[in-house]
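Below: one structure, written as structure tokens.
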There are 2 protein chains.
Amino acid sequence: MTDLTSLPPLPDDERVLLLLGLLTSQERHGYEINDFIERQLGCVIDLKKATAYQLLDRLEQHALIASHTVQHGARPTRKVYRLTEEGHAHFLKLLAAQLRHEEILIVPGSVSIMFCEHLPAAERLTALRERLTKLEARVAIQERLLELPELTGGVKLSTARILALTRADLEWLRGWVGELERGEVVP
Amino acid sequence: MTDLTSLPPLPDDERVLLLLGLLTSQERHGYEINDFIERQLGCVIDLKKATAYQLLDRLEQHALIASHTVQHGARPTRKVYRLTEEGHAHFLKLLAAQLRHEEILIVPGSVSIMFCEHLPAAERLTALRERLTKLEARVAIQERLLELPELTGGVKLSTARILALTRADLEWLRGWVGELERGEVVP
DNA sequence: TCTTGAATAGTCAAATTTAACTAATTACAA
DNA sequence: TTGTAATTAGTTAAATTTGACTATTCAAGA
């Protein structure tokens, strides 16, 4: 058996939890996993193909998943992954830990807000109105997404969370732009 | 003059905007910049010391900032940075672009929510209550932070945004835990 | 039937990011 | 006065991440 201590360590993060989780319900091949992440989880997590493949390799080295290759017609061979018993145990441990865990929310877009006073009032207002419009569109998209029937329970739940956050961002921005329009904040 | 085209390109992101922005009001040395980020911007952006130094070097190579060294007693020499004219122009351009810009909110903590059904109902509820408690504490911290007088206008504004988002997360989680407690969701 | 685009399955060089380290000075409590 | 922690100012080796690339197959329209 391979010496686990000499292996590059596994990060204890959401990405590992995601990959293990996707394999609990069924075996999947690499392309399938990446496709699911791209199509269904665009709002939930940012995980690129190359990173996923690298993590899958590492999970296999740690024996949390196992793979076998499958040929389909003349297609390139697929590497199909399944969860091992250790993998399933690890998944449950990670899941409990991360569900319990709470972390500071760091979201993009705050630095420009922080320095917005450096922009002339008119230009500032124009820019913020544009951001507002885009944000409204984003909320509309996510609302429609949530109605799609192909969203399974869990994905729906986490999408609902993101929507709640995005709506809050919208409300906050609306309020601020309103103040600016009524001239309440301009010095 | 150095050939800018052969230089490693500058990312157009929040970090660059932040460093330039911190130098608009005053000259600052490296330590001062990193100290400010750590103390005041912990909620706003995640930028580590080493990354900041690397970006400062690059900004200087691109002539957006200039530096000179200063000796204070027997202390290690400080490298003091100031914004150049090009730097100021670039700052305003970046600022307008980023204020206008809207980006999907990807926040940590959603993957465990997505898979929470895999946990026995009792354990799930315990874990979520723990997360709720921590989240309440986080909101309390941020509310107190917002009252501190040393927060300047801009920092206050962006902190208020984060607080709005964190509160939304809290409300969402409260609602969900409530449903679970009343047994509305358990299958 | 020919072309175009999507599906399929990755790999790899290059850029980015950070944890850990170095090293001197000063302030302060014990 | 002695130890300890904070201030000061970075550097670097190592890990992580990703954009760009390679190739083949299949489906469907022109």
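Reminder, nothing fancy here: chain letters follow the sequence lines and each chain counts from 1. Keep in mind that this is a model prediction, so the values were computed, not measured. These values consider heavy atoms only, across backbone and side chains, with no hydrogens, waters or symmetry-generated copies.
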Practice task
Could you tell me whether the phosphate oxygens of dT7(D), OP1 or OP2, come under 4.0 Å of any side-chain nitrogen or oxygen in R39(B)?
Solution key: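 The answer is yes; a side-chain N or O of R39(B) sits under 4.0 Å from OP1 or OP2.
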
Problem - Under 4.0 angstrom between R28(B) side-chain N/O and dT8(D) OP1 or OP2 - result: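 Answer no for this pair, as no side-chain N or O of R28(B) is under 4.0 Å from OP1 or OP2.
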
I'd like a table of donor-acceptor pairs (distance under 3.5 Å, sequence neighbours excluded) in which one partner is a side-chain atom from residues 87-96 of chain A, with atom names and distances.
none

Quickly work out the [X] [atom1] to [N] [atom2] distance and round it to whole Å.
X: Y31(A); N: dT11(C); atom1: OH; atom2: C1'; value: 16 Å
X: E14(A); N: dT16(D); atom1: CD; atom2: P; value: 17 Å
X: E38(A); N: dA6(C); atom1: CD; atom2: P; value: 13 Å
X: D57(B); N: dA15(C); atom1: CG; atom2: C1'; value: 16 Å
X: F36(B); N: dT7(D); atom1: CZ; atom2: C1'; value: 18 Å
X: L19(A); N: dT17(D); atom1: CG; atom2: P; value: 12 Å
X: N34(A); N: dT11(C); atom1: CG; atom2: P; value: 12 Å
X: E32(A); N: dT8(C); atom1: CD; atom2: C1'; value: 12 Å

Fill in the blank from the handout: Apart from I162(B) itself, its cluster of hydrophobic side chains linked below 4.5 Å comprises L105(A), V107(A), I162(A), L165(A), L105(B), V107(B), L165(B)

Handout entry: Atom pair CZ (R174(B)) and CZ (R167(B)), whose distance is rounded to the nearest 0.5 Å
Key = 10.5 Å

Problem - Candidates dG10(D), dT7(D), dT16(D) - which lies nearest the side chain of K79(B) - result: dG10(D)

Practice task
State whether R129(A) and E181(A) are salt-bridged, where the test is any N-O pair (Lys NZ or Arg NE/NH1/NH2 against Asp/Glu carboxylate O) under 4.0 Å.
Solution key: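 A salt bridge is present here (some side-chain N lies under 4.0 Å from a carboxylate O).
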
Write down the protein N/O and nucleotide N/O pairs, taken from nucleotides 17-20 of chain C, whose separation is under 3.5 Å; answer none if there are no such pairs.
unit_1  : atom_1 : unit_2 : atom_2 : d
dT18(C) : OP2    : T51(B) : OG1    : 3.0

Handout entry: Flag if over 12 foreign heavy atoms under 6.0 Å of CD, E85(B)
Key = no

Problem - In one Ile/Leu/Val/Met/Phe/Trp/Tyr side-chain cluster, 4.5 Å: I106(B), I45(B) - result: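 Each belongs to a different hydrophobic cluster.
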
Practice task
Specify whether H29(B) and Y31(B) have parallel, tilted or perpendicular ring planes, treating 30° as the upper limit for parallel and 60° as the lower limit for perpendicular.
Solution key: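 The rings of H29(B) and Y31(B) lie parallel, inter-plane angle below 30°.
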
